[in-house]
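Take a look at the structure set out below.
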Amino acid sequence: MISRSALIWLSRQEGLKDFATRFGFFKKLTTRFVAGETINDAIDYIKQLNSENCTASFDHLNESVGSEPEAEKEVTEYLNILNRITETQIRSNVSIKLTQFGLGLDHELAYRNARRVVLDAQQRGNFVRVDMEDSSVTQVTIDIFKRLRSEFGLDDVGIVLQSYLRRTYADAQELVKLPARIRICKGAYNEPPEVAFPDKKDVDANYVKVMQLLLSSGVYHGIATHDPKMIDATLDFVQREGIGKEKFEFQMLFGIRRDLQRQLARDGFNVRIYVPYGKHWYPYFMRRLAERPANVWFVMKNVLKG
Ligand SMILES: Cc1cc2nc3c(=O)[nH]c(=O)nc-3n(C[C@H](O)[C@H](O)[C@H](O)COP(=O)(O)OP(=O)(O)OC[C@H]3O[C@@H](n4cnc5c(N)ncnc54)[C@H](O)[C@@H]3O)c2cc1C
């Protein structure tokens with residue numbers, strides 16, 4: 001069986017990315033994890049989610065852009081998303097990646113681009129979540145987020161922390177003091193053991209510790225996981241501490257554990273689904289395979305079926 005780290009390594013191979021995205025044949029497979037190639041595909045899906053009492057977060061797929069004009073195109077796309085959310089009245093916010101806005105070219109460029117999107121969201125009463133990427137950009141992502149947070153309100157911009165990182169509990173302690181709205185997830189990249197816990201049990205234990213810290217802070221945070229153990233730990237904690245259902249939200253990814261998404265929404269919890277769309281699906285798709293290498297068999301079966 002192909003390993004998690006091999007799949008994550010493949011997710012970073014530019015040559016394969018170009019090869020895969022060119023063929024319609026591969027595109028068909030992505031519907032397992034991606035809403036489609038166009039914004040209208042994502043909007044249609046979000047309308048369905050809203051009818052099931054789930055909210056959403058748009059993700060326009062692209063990361064590590066290689067030029068300023070490419071970053072500019074991403075800003076334009078996000079401004080368009082925010083406009084379409086207003087027009088269509090769907091219940092959704094947006095998630096951005098700083099490398100999509102030029103972080104790899106120039107930190108100031110990424111900051112200025114993110115700022116334009118947060119400003120537009122603020123004016124519309126919407127919200128921007130800054131996704132967290134690999135550990136080479138953790139500090140700069142937090143630094144740029146703090147700058148944005150000093151200029152914008154708690155309900156305008158938020159950030160993501162990853163429980164597999166050894167530093168995360170300390171980051172959470174610092175960020176809750178701002179205060180800041182945080183999405184806690186386990187983390188989806190390949191990290192060395194000096195930086196991230198290699199054992200799942202430690203990642204999970206840290207997740208529970210950070211979740212408890214966040215939910216005790218009284219700020220509205222996102223508990224992002226499909227892991228029933230993490231969800232049960234959250235439910236036990238909020239019940240024990242008398243924290244109301246309206247004080248936080250569960251978050252899950254498009255296409256993963258639809259049963260659990262619907263069940264939590266039916267039980268009256270706030271549930272937000274991350275809805276990726278766009279042509280640059282390759283790295284995102286490969287990370288989803290890496291989370292559950294058994295998914296590779298699902299993909300292979302579909303390839304063989306034609
Ligand atoms: C809303 C949201 C936003 C995210 N944002 C970020 C981010 O900004 N940065 C980042 O690094 N990571 C992000 N992630 C990904 C996250 O870090 C994990 O990689 C991912 O959620 C899998 O972890 P898990 O908590 O579901 O637990 P796991 O222990 O990985 O999985 C628990 C169970 O969930 C199901 N499951 C999980 N993943 C899959 C899959 N791919 N296919 C099928 N079933 C699956 C399986 O049943 C599995 O047994 C995000 C996740 C969510 C839900």
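Whatever order the structure lists them in is the order used to number ligands and atoms, beginning at 1.
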| Does the pair K97/E133 count as a salt bridge with the N-to-O cut at 4.0 Å? |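 So K97 does not pair with E133 through a salt bridge.
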
| Is there a donor-acceptor contact under 3.5 Å from the side chain of Y169 to the main chain of S163? |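 Judged by distance alone, no pair lies under 3.5 Å.
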
| message | Could you list the cluster mates of Y189? Members are the ILVMFWY residues connected by side-chain heavy atoms closer than 4.5 Å, either directly or through other members. | response |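 Via sub-4.5 Å side-chain contacts, Y189 links to Y164, L165, V195, F197, V203.
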
| Any side-chain heavy-atom pair of K47 and I90 under 4.5 Å |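 SC-SC contact between K47 and I90 confirmed.
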
| task | Determine whether the aromatic ring centres of Y220 and F248 lie less than 6.0 Å apart. | result |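 For Y220 and F248, the ring centres are not under 6.0 Å apart.
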
| said: List the protein residues in contact with ligand 1, where contact means a heavy-atom separation under 4.0 angstrom. | reply: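 Those residues closer than 4.0 Å to ligand 1 by some heavy atom are R32, F33, D131, M132, V160, Q162, R183, C185, K186, G187, A188, Y189, K200, A224, T225, H226, D227, Q251, M252, L253, I256, Y274, R288, E291, R292, N295.
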
| query | What's the spacing between R258 CZ and L49 CG if we round to 0.5 Å? | reply |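 Between R258 CZ and L49 CG, I get 5.5 Å after rounding to 0.5 Å.
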
